[in-house]
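In what follows, residues are counted from 1 in the order of the sequence shown.
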Amino acid sequence: MEFQFGEFGGQFVPPQVAAALQELEEAFLEAIQDPEFDKEFRHYLKHYVGRPSPLYYARNLSEKLGGAKIYLKREDLNHTGAHKINNTVGQILLAKRMGKSKVIAETGAGQHGVATATAAAMFGMDCEIFQGAIDMERQRLNVFRMEMLGAKVTGVTQGTKTLADAVDYAINEWIKRIDDTFYLLGSAVGPHPYPTIVRYFQKVIGEEAKQQIIEQEGRLPDYLVACVGGGSNAIGLFADFLDDEDVRIIGVEAAGKGLETKDHAATLTLGKETVIHGMRTKSVVDDDGNISPVYSISAGLDYPGVGPEHAFLQFTKRATYAAATDKEAVDAFLELSQVEGIIPAIESSHAVAHAIKLAPTLPKDQIILINLSGRGDKDVEAIEHYLK
Ligand SMILES: *Cc1c(COP(=O)(O)O)cnc(C)c1O
């Protein structure tokens with residue numbers, strides 16, 4: 001298993017955490033060798049999550065833009081409305097296999113908390129979610145949602161009182177409860193083996209998309225486009241195409257109020273190498289080398305680091321990373337809603353925004369495949385607020 005991605009990734013944690021991660025890695029490696037584990041995972045993906053998600057040719061949008069054909073991988077149609085459930089179901093199955101009865105998780109806006117609480121409810125696991133106190137206030141509806149699903153939500157009052165500190169808090173709690181508790185990490189980030197585990201459970205996105213585009217077009221796409229917060233939906237789409245050299249791969253970060261301002265979350269575009277949340281990756285740092293706060297209209301892209309594999313793919317130039325502003329994302333959100341009748345998550349709208357710029361520059365026989373990571377029902381209020 002990849003411990004590092006070039007010079008990125010690794011495991012920067014105290015010894016007790018390293019011991020817990022060792023146990024996790026062994027259980028994971030053993031599980032993925034077991035056909036029964038795979039069968040169970042596939043079973044829940046099909047019957048509970050609702051996979052395979054469709055690959056939809058966005059004819060209206062493609063024709064309006066007048067360039068490349070645009071396809072949407074519809075992760076928005078999954079149970080709970082995003083790709084996150086693929087990973088939570090996979091990790092809960094792993095937790096059960098390890099004999100754990102409780103799961104804990106961090107959450108920012110609450111999307112991963114909801115996906116974790118959902119899977120925990122279904123598998124009869126005790127569930128506690130750590131969320132920054134400020135995020136709890138900003139996302140009251142998701143707090144209720146998690147509680148309705150039977151989870152306990154604990155506010156984190158240290159540091160910035162947001163996601164960055166909720167992760168540290170969750171890791172600390174994990175060490176105290178390691179005997180019966182599984183830490184369910186929400187994106188392709190953190191110390192080894194989490195980035196590898198999350199990619200493993202998310203790569204079904206790209207595997208399906210590859211088969212579907214071959215069925216519909218008889219060939220591979222020319223471009224893959226996905227938004228990048230921690231990077232799990234993006235790596236889930238990209239993983240199965242990394243060896244297909246003719247497929248260009250583009251991740252899209254949040255440029256917030258603009259790359260020339262301080263209010264963005266463009267960690268790959270403007271960041272430097274740092275260690276954060278137990279991994280070596282890229283973060284935006286200030287002149288003293290401290291990790292700067294990040295900003296995006298989209299709570300899911302508002303993460304101060306990024307998955308180490310993306311830092312590596314950027315370094316090796318296998319993938320390139322662009323950024324879309326709040327405004328571009330909101331415009332794309334409205335455009336896709338009005339032209340295709342699909343309301344995308346504001347996170348996914350960053351990927352759509354990039355494709356909207358790219359498609360008209362390409363000939364009509366080219367294909368862009370966008371990962372539509374989630375649906376936008378959760379964002380309607382925020383968009384209304386933004387437009388006012
Ligand atoms: C959480 C979330 C993201 C960002 O997380 P990644 O790990 O970068 O995929 C993107 N889209 C949606 C819909 C999300 O809920």
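Glu106 places none of its side-chain heavy atoms less than 4.5 Å from the side chain of Leu184. Proximity of Ile343 to Phe333: side-chain heavy atoms (C-beta onward) are separated by under 4.5 Å at one or more points. No side-chain heavy atom of Leu372 sits under 4.5 Å from any side-chain heavy atom of Glu75. At a threshold of 4.5 Å between non-hydrogen side-chain atoms, the residues Cys127 and Ile129 count as touching. Within the 4.5 Å cutoff, the side chain of Tyr48 has heavy atoms near those of the His79 side chain. Inter-residue side-chain proximity for Phe312 and Glu7 is flagged as unmet; no heavy-atom pair is nearer than 4.5 Å. Residues Ile342 and Asp76 form a side-chain contact, since some pair of their non-hydrogen atoms from C-beta on lies under 4.5 Å apart. Contact annotation: the side chain of Val228 never approaches that of Leu301 to less than 4.5 Å [non-hydrogen atoms, C-beta and beyond].
Here OG1 of Thr160 is found 3.5 Å from CG of Asp165. Values are rounded to the nearest 0.5 Å. Distance CD/Gln366 to CG/Asp222: 4.0 Å, rounded to 0.5 Å. In this structure, Asn172 CG and Gln16 CD are separated by 9.0 Å, a value rounded to the nearest 0.5 Å. In this structure, OH on Tyr386 lies 13.5 Å from CG on Asp379, to the nearest 0.5 angstrom. Taking CG of Asp135 as the start and CG of Asp302 as the end, the distance is 8.0 Å to the nearest 0.5 Å. Between Glu260 atom CD and Lys257 atom NZ the span is 12.0 Å, to the nearest 0.5 Å.
Asp38 has a carboxylate O that lies under 4.0 Å from a charged side-chain N of Arg42, or vice versa, which qualifies the two as a salt bridge. Note on Arg97 versus Asp34: salt bridge recorded, some NZ/NE/NH1/NH2 to OD/OE distance being below 4.0 Å. A salt bridge between Lys69 and Glu217 is present, with a side-chain N of the basic residue lying under 4.0 Å from a carboxylate O of the acidic one.
Using a distance-only test at 3.5 Å, with no hydrogens or angles considered, no donor-acceptor pair links the side chain of Asp263 to the main chain of Tyr295. No side-chain donor-acceptor contact under 3.5 Å links Thr269 to the backbone of Ala266. Checked by atom type and distance alone, the side chain of Thr325 pairs as donor or acceptor with a backbone atom of Glu328 at under 3.5 Å. Judged by distance alone, with hydrogens and angles left aside, the side-chain atoms of Asp288 form no donor-acceptor pair with the main-chain N or O of Asn290 at under 3.5 Å. Of the possible donor and acceptor atoms, none in the side chain of Glu128 sits under 3.5 Å from a partner among the backbone N and O of Ala151. A donor-acceptor pair under 3.5 Å is formed between the side chain of His350 and the backbone N or O of Ile346.
Side chains of Gln111 and Asn142: a donor on one and an acceptor on the other come within 3.5 Å. Side-chain atoms of Asn86 and Arg51 include a donor-acceptor pair closer than 3.5 Å. Residues Gln216 and Gln212 have side chains that never bring a donor and an acceptor to within less than 3.5 angstrom of each other. Side chains of Tyr321 and His310: a donor-acceptor N/O pair is present below 3.5 angstrom, by distance only. Donor-acceptor pairing under 3.5 Å is recorded for the side chains of Ser348 and Ser373.
Scored by the salt bridge (charged side-chain N to carboxylate O under 4.0 Å, His left out) test, Lys84 finds no partners at all (sequence neighbours excluded).
Counting all heavy atoms, side chain and backbone alike, Leu94 lies closest to Ala27 at CD1-O, 3.8 Å. Heavy-atom minimum distance, Thr181 versus Trp174: O-NE1, 3.2 Å. Minimum heavy-atom separation, Leu369 to Ala209: CD1-CB, 4.1 Å. Heavy-atom minimum distance, Arg74 versus Ser53: O-CB, 3.3 Å. Between Thr154 and Met136, the shortest heavy-atom distance links the atoms C-SD, 4.2 Å. In terms of heavy-atom proximity, Tyr194 sits nearest to Tyr183 at OH-O, 2.7 Å.
Residues Val225 and Tyr56 share a single hydrophobic cluster, defined by chaining ILVMFWY side chains whose heavy atoms lie under 4.5 Å apart. Residues Tyr57 and Leu55 share a hydrophobic cluster, clusters being chains of Ile/Leu/Val/Met/Phe/Trp/Tyr side chains in contact below 4.5 Å. Grouping the Ile, Leu, Val, Met, Phe, Trp and Tyr side chains by contacts below 4.5 angstrom, directly or via other members, places Tyr169 with Leu185. By the criterion of side-chain heavy atoms lying less than 4.5 angstrom apart, applied directly or through intervening Ile, Leu, Val, Met, Phe, Trp or Tyr residues, Phe130 is not grouped with Val198; the two fall into different hydrophobic clusters.
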Donor-acceptor pairs are to be reported for all side-chain atoms of residues 98-105 against protein atoms at under 3.5 Å, with residues two or more places apart or in another chain.
unit_1, atom_1, unit_2, atom_2, d
Lys100, NZ, Glu23, OE2, 3.2
Lys100, NZ, Ile178, O, 2.8
Lys102, NZ, Asp180, OD2, 3.2

Return a table of donor-acceptor pairs under 3.5 angstrom between the side chains of residues 237-250 and protein atoms on other chains or two or more places apart.
unit_1, atom_1, unit_2, atom_2, d
Asp244, OD2, Lys210, NZ, 2.9
Arg248, NH1, Tyr223, OH, 3.4

What do the steps show when you test Arg318 against Glu309 for salt bridge (Lys or Arg N to Asp or Glu O under 4.0 Å), and what is the final call? CA-CA 11 Å; Arg318 177 62 190 96; Glu309 192 167 1; over 6 Å; no
Derivation of the side chain to side chain contact (heavy atoms under 4.5 Å, CB included) call for Gln139 and Gln131: CA-CA 10 Å; Gln139 307 284 342; Gln131 185 172 30; 4.2 Å; yes
Would you please test Glu253 and His264 for side chain to side chain contact (heavy atoms under 4.5 Å, CB included) and show each step? CA-CA 9 Å; Glu253 303 188 289; His264 61 76; over 6 Å; no
Thr320 and Gln314: side chain to side chain contact (heavy atoms under 4.5 Å, CB included), yes or no, with the steps? CA-CA 6 Å; Thr320 55; Gln314 181 190 43; over 6 Å; no
Does the pair Arg59 and Glu340 meet the rule for a salt bridge (Lys or Arg N to Asp or Glu O under 4.0 Å), with working shown? CA-CA 8 Å; Arg59 180 187 300 275; Glu340 296 287 353; over 6 Å; no
Between Phe315 and Phe5, is a ring pair (Phe, Tyr, Trp, His ring centres under 6.0 Å) present by the stated rule, with each step listed? CA-CA 10 Å; Phe315 178 78; Phe5 303 96; over 10 Å; no
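Lys203 forms a cation-pi arrangement with Tyr200, by the criterion of a distance under 6.0 Å to the ring centre and an angle within 45° of the ring axis.
More than 12 heavy atoms of other residues, nucleotides or ligands sit less than 6.0 Å from atom CZ of Phe123.
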